[in-house]
Amino acid sequence: MKIAVLTSGGDAPGMNAAIRAVVRTANVYGHEVFGIKDGFRGMIDDVMIPLNHQSVSGMLSRGGTFIGTARVPEFLDEDVRKKAIKHLRKREIEGLIVIGGDGTYKGAAELARLGLKCIGVPGTIDNDIAGTDFTIGFQTAVETIVDAIDKLRDTSQSHRRCSIIETMGRYCGDLALHAGICGGAEFIITPENPIDKEQIIERLKRHRREGRRHSIIVITERILNVYELAEEITEKSGFASRATVLGYIQRGGSPCPEDRILGSRMGAYAVELLNDDIHGVCVGVRDSRMIHLPFVNVIGQKRPRNELDKLVKKIS
Ligand code: F6P
């Protein structure tokens, strides 16, 4: 069989580990693998490279995705997708493994509807895919954020300030939640746990009276303007505040061991599924075991919340 693999949407540490596992597992079964460059863009423009054991050597520890990624809005157009499929058919490629987030899954589900054997692998730092406990890249991004919180705490406590730290996550609060817990944040604001601004200000006033030297607020992007929040807190609580938007630094870096393992397991499992002629599904990990679910059960769904949301209320 000939299999193609692509990465799409925001890059995530561990995507290379997944591609490597796809290539090496496929080789064990005698399948040929093509890497599609820059996500669905390469499928439309017919830019694909053969991948073998050697081409993925040394990739395990590399951040980003060596075959490139992109966001390709025109892939929403069915004619564009049909053209893209033709490029795969021309090379007699039967199976496609897509590594990405919800938008990527939507594209793959449409390709599956047009008859291509597609498998989804969750790769995004946001951890916002319903069919898995963890997405590839999430745990590395949490480490990066925790490192930033630790550093910001140093300067915060030196200056008796409040630090507001904005994380990525799109509409999912997991990055802020996990990193906030690890970094001992006083407040964690996420789409799932919105916090009343007045309540924060009252608590900060109290902290100030108690003589606390610093306070850390970790907040998911897109909730509010953190620079305005810093000004308001400074004005109303008397706690001088500074905002830091961590931005794209969260997406980079060498994947942590958990993401190397997750990427490897998921990439290999995706090939096993194609090998067993199972497709139209996406891979996940649930309670440490590999699972697969139909795209329709996962796309647009929210991950069930876990006990961490409740933990925050007790310990922050
Ligand atoms: O999906 C991953 C992510 O990093 C989100 O956390 C963030 O909102 C978005 O991508 C940024 O996207 P772009 O790279 O298109 O600016």
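Just the heavy atoms: all of them, side chains too, but no hydrogens, waters or symmetry mates, feed the values below. Atoms within a ligand are numbered from 1 in the order they appear, just like the ligands themselves.
A donor-acceptor contact shorter than 3.5 Å links the side chain of Gln250 to the backbone of Gly247. No donor-acceptor distance shorter than 3.5 angstrom exists from the side chain of Thr65 to the backbone of Asp11, with no hydrogens or angles considered.
Between Glu110 and Lys106 there is no salt bridge, since no side-chain N of the basic residue sits under 4.0 Å from a carboxylate O of the acidic one. Arg81 and Asp77 are not joined by a salt bridge, as no carboxylate oxygen comes within less than 4.0 angstrom of a charged side-chain nitrogen. Look at Glu192 and Arg305 and you find a salt bridge, because one of the NZ, NE, NH1 or NH2 atoms lies within 4.0 Å of a carboxylate O, short of that distance.
Ligand 1 is surrounded by Arg71, Thr124, Asp126, Met168, Gly169, Arg170, Glu221, Arg222, Tyr248, Arg251, each with at least one heavy atom closer than 4.0 Å.
Connectivity analysis of hydrophobic side chains (ILVMFWY, heavy atoms under 4.5 Å, direct or indirect) links Val226 to Ile164, Phe187, Ile189, Ile195, Ile200, Ile201, Leu204, Ile217, Ile219, Ile223, Leu224, Tyr227, Leu229, Ile233, Phe239, Val245.
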